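Notes to accompany the following structure.
Everything numeric here is computed off the predicted structure, so don't read it as measured data.
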Amino acid sequence: MTAQIIDGNAIARAMRGDIAVEVKDWIAAGRRPPGLAVILVGDDPASEIYVKGKRRDCDEVGFHSIVQHLSAHVTQQDLEDRVKALNDDTSIDGILVQTPLPAHIDEDRIIDSIDPSKDVDGFHAYNIGLLALRRPALRSCTPKGVMLLLEHIGLEFKGLDAAILGASNHVGRPMGLELLLAGCTVTTAHKFTRDTASKVQLADIVVSAVGKPGLVPPEWIKPGAVVIDVGITRGENNKLYGDVQFDAVKEVAGWITPVPGGVGPMTRIALLQNTLQAARQHLGVA
Ligand code: GUN
């Protein structure tokens, strides 16, 4: 079997088109555009590229967007004050503080300071809690992007076995909550898991979010499974590597995402959708 390759770029392009149409109608009805504020701290080249991409997406769909680029030496208090000012800014629906943050900044306290109705990353304890309680509001972008991909291929989730590799706050944990909410039986493997292979081998859906190139070999994959690679590691020559041994695994899987061009573009779609959703709530649009 050779897997069908899930083209995240193409799916995202179509979805950006749908969002742009909605924003056009919205503006024609006399509303202000949805607004996204990004705070970027320091000079991490990868983060600068990600933020540029987010800005470009906003321009393409007609959102208002601003970027506050702060020195790597910004204080905790200054950063929290800036978030609070954006909480009070009525032209802004979504606030995203780009990670990683410098080591002297307490990231949890920064996320706690974001108004949950503007938490378009879906990182706030309130939004994660709502997802855990089966009342999703603003959903974490990468897991939501993965769900959009899985829905796009027409997957019937109920009763499927899912294995997630990695238990991070931003991806692995909310991914498990998403798949559980969709009716899957979920196993999350992490650094203390014994015999990860035997658990992944049972899975109809495999989501790897570890950041270890080549971690997932074809022997771990049940024939026909859907394999979603969230891992992204920048190697020498700036080349990007996923967690999955793509060329070999695609001979076993039923569906597979490439890196790059799989999950990444869908994370950005989820951010746009969340910003639109937040704007609907702030403006009282049904
Ligand atoms: N750094 C890399 N990806 C992301 C993201 O989706 N959100 C935030 N806040 N930081 C990131």
Inset, instruction - Apply salt bridge (Lys or Arg N to Asp or Glu O under 4.0 Å) to the pair Glu178 and Lys144, showing each step before the final yes or no. - result: CA-CA 8 Å; Glu178 288 282 354; Lys144 179 174 174 171; over 6 Å; no
Inset, instruction - Would you name the heavy atoms of Val171 and Ser168 that are closest together and state the gap between them? - result: N-OG, 3.0 Å
Inset, instruction - Heavy atoms only: give me the nearest Ala203-Ala162 pair and the separation to one decimal. - result: CB-C, 4.2 Å
Inset, instruction - Heavy atoms only: give me the nearest Gly231-Asp243 pair and the separation to one decimal. - result: CA-OD1, 3.5 Å
Inset, instruction - Show the numbers, then the answer: is there a side-chain contact (heavy atoms from CB on, under 4.5 Å) between Leu215 and Ser208? - result: CA-CA 9 Å; Leu215 172 72; Ser208 187; 4.1 Å; yes
Legend entry - Ile205 side chain near Ile164 side chain, heavy-atom distance below 4.5 Å: no
Legend entry - Flag, side chain of His69 to backbone of Gly42, donor-acceptor distance under 3.5 Å: yes
Inset, instruction - Spell out, as yes or no, whether a donor-acceptor pair under 3.5 Å connects the side chain of Asn127 to the backbone of Gly122. - result: no
Inset, instruction - Heavy atoms only: give me the nearest Glu48-Asp43 pair and the separation to one decimal. - result: OE2-CA, 3.3 Å
Legend entry - Pair Ser140, His170: side-chain N/O donor-acceptor within cut-off below 3.5 Å: no
Inset, instruction - Please round to the nearest 0.5 Å and tell me the distance separating atom OG1 of Thr99 and atom CG of Asp44. - result: 9.5 Å
Legend entry - Distance, nearest 0.5 Å, that separates NZ of Lys199 from CH2 of Trp220: 11.0 Å
Inset, instruction - Please confirm whether the backbone N or O of Leu130 pairs with a side-chain atom of Arg135, one donor and one acceptor, at under 3.5 Å? - result: no
Legend entry - Side-chain (Arg32) to main-chain (Thr90) donor-acceptor, under 3.5 angstrom: yes
Inset, instruction - Taking the side chain as every heavy atom from C-beta outward, state whether Val97 and Val83 have any pair of such atoms under 4.5 Å apart. - result: yes
Inset, instruction - Assess whether atom NE2 of His73 is packed by more than 12 heavy atoms of other residues, nucleotides or ligands within 6.0 Å. - result: no
Legend entry - Gap separating the CD1 atom of Ile269 from the SG atom of Cys141, nearest 0.5 angstrom: 10.5 Å
Legend entry - Side chain His104, main chain Val74, donor-acceptor under 3.5 Å: yes
Inset, instruction - Any chance you could measure Met175, atom CE, to Met147, atom CE, to the nearest 0.5 Å? - result: 5.5 Å
Legend entry - Gln245 vs Val216 side-chain heavy atoms within contact, under 4.5 Å: no
Legend entry - Side chains of Asp161 and Cys184 in contact at under 4.5 Å (non-hydrogen atoms): no
Legend entry - Same cluster (ILVMFWY, side-chain, under 4.5 Å), Val41 and Val51: no
Inset, instruction - Spell out, as yes or no, whether a donor-acceptor pair under 3.5 Å connects the side chain of Asp7 to the backbone of Asn9. - result: yes
Inset, instruction - Might you point out which heavy atoms bring Ala248 and Pro218 nearest each other, and give the distance in Å? - result: CB-CG, 3.6 Å
Legend entry - From CA spacing to verdict: side-chain contact (heavy atoms from CB on, under 4.5 Å), Leu150, Trp255: CA-CA 10 Å; Leu150 296 174; Trp255 296 86; over 6 Å; no
Inset, instruction - Indicate whether any N or O donor in one side chain lies under 3.5 Å from an N or O acceptor in the other, for Gln76 and Glu80. - result: yes
Inset, instruction - Would you mind reporting whether Ile256 and Ile5 have side-chain heavy atoms less than 4.5 Å apart? - result: yes
Inset, instruction - Would you check, one step at a time, whether the test side-chain contact (heavy atoms from CB on, under 4.5 Å) holds for Arg280 with Glu22? - result: CA-CA 11 Å; Arg280 272 194 215 106; Glu22 189 168 343; 2.7 Å; yes
Legend entry - Side-chain (His152) to main-chain (Leu148) donor-acceptor, under 3.5 angstrom: no
Inset, instruction - Is it possible for you to say whether Val207 and Phe157 belong to one hydrophobic cluster, with membership spreading through side-chain heavy-atom contacts below 4.5 Å? - result: yes
Inset, instruction - Please report the C-alpha distance between Glu60 and Arg55 in whole Å, then the side-chain angles of each, then the deciding distance to 0.1 Å, and finally whether the salt bridge (Lys or Arg N to Asp or Glu O under 4.0 Å) criterion is met. - result: CA-CA 9 Å; Glu60 191 180 325; Arg55 192 96 203 250; over 6 Å; no
Legend entry - Least distance between heavy atoms, Ala163 atom then Val200 atom: CB-CA, 4.1 Å
Legend entry - Verify same cluster id: Leu101, Leu96 (apolar side-chain graph, 4.5 Å): no
Legend entry - Lys118 side chain to Leu86 backbone, donor-acceptor under 3.5 Å: yes
Legend entry - Residue pair Pro34 / Trp26, side-chain heavy-atom distance below 4.5 Å: yes
Inset, instruction - Could you check Ile95, Asp93, Leu272, Thr275 and say which one makes a side-chain contact (heavy atoms from CB on, under 4.5 Å) with Val120? - result: Thr275
Inset, instruction - Would you give the length of the straight line joining atom OG of Ser113 to atom CG of Asp106, rounded to the nearest 0.5 angstrom? - result: 10.0 Å
Legend entry - Hydrophobic cluster identity match, Ile221 and Val244, side-chain contacts under 4.5 Å: yes
Inset, instruction - Mind checking the CG-OG1 spacing from Leu70 to Thr75? Nearest 0.5 Å is all I need. - result: 10.0 Å
Inset, instruction - Check the pair Leu276, Ile19 against side-chain contact (heavy atoms from CB on, under 4.5 Å), reporting the backbone distance first and the verdict last. - result: CA-CA 8 Å; Leu276 191 57; Ile19 295 169; 4.2 Å; yes
Inset, instruction - Answer yes or no: is there an ion pair linking Asp78 with Arg82, defined by an N-O contact shorter than 4.0 Å? - result: yes
Inset, instruction - Please confirm whether Lys52 makes a cation-pi placement over Tyr50, using NZ or CZ under 6.0 Å from the six-membered ring centre and within 45° of the ring normal. - result: no
Inset, instruction - Would you mind reporting whether Val263 and Asp229 have side-chain heavy atoms less than 4.5 Å apart? - result: no
Inset, instruction - Verify, without hydrogens or angle tests, whether Asp115 (side chain) and Ser117 (backbone) share a donor-acceptor contact under 3.5 angstrom. - result: yes
Inset, instruction - Taking the side chain as every heavy atom from C-beta outward, state whether Pro217 and Val249 have any atom pair closer than 4.5 Å. - result: no
Inset, instruction - Answer with yes or no whether the hydrophobic clustering places Leu165 together with Leu240; edges join I, L, V, M, F, W, Y residues whose side-chain heavy atoms lie under 4.5 Å apart. - result: no
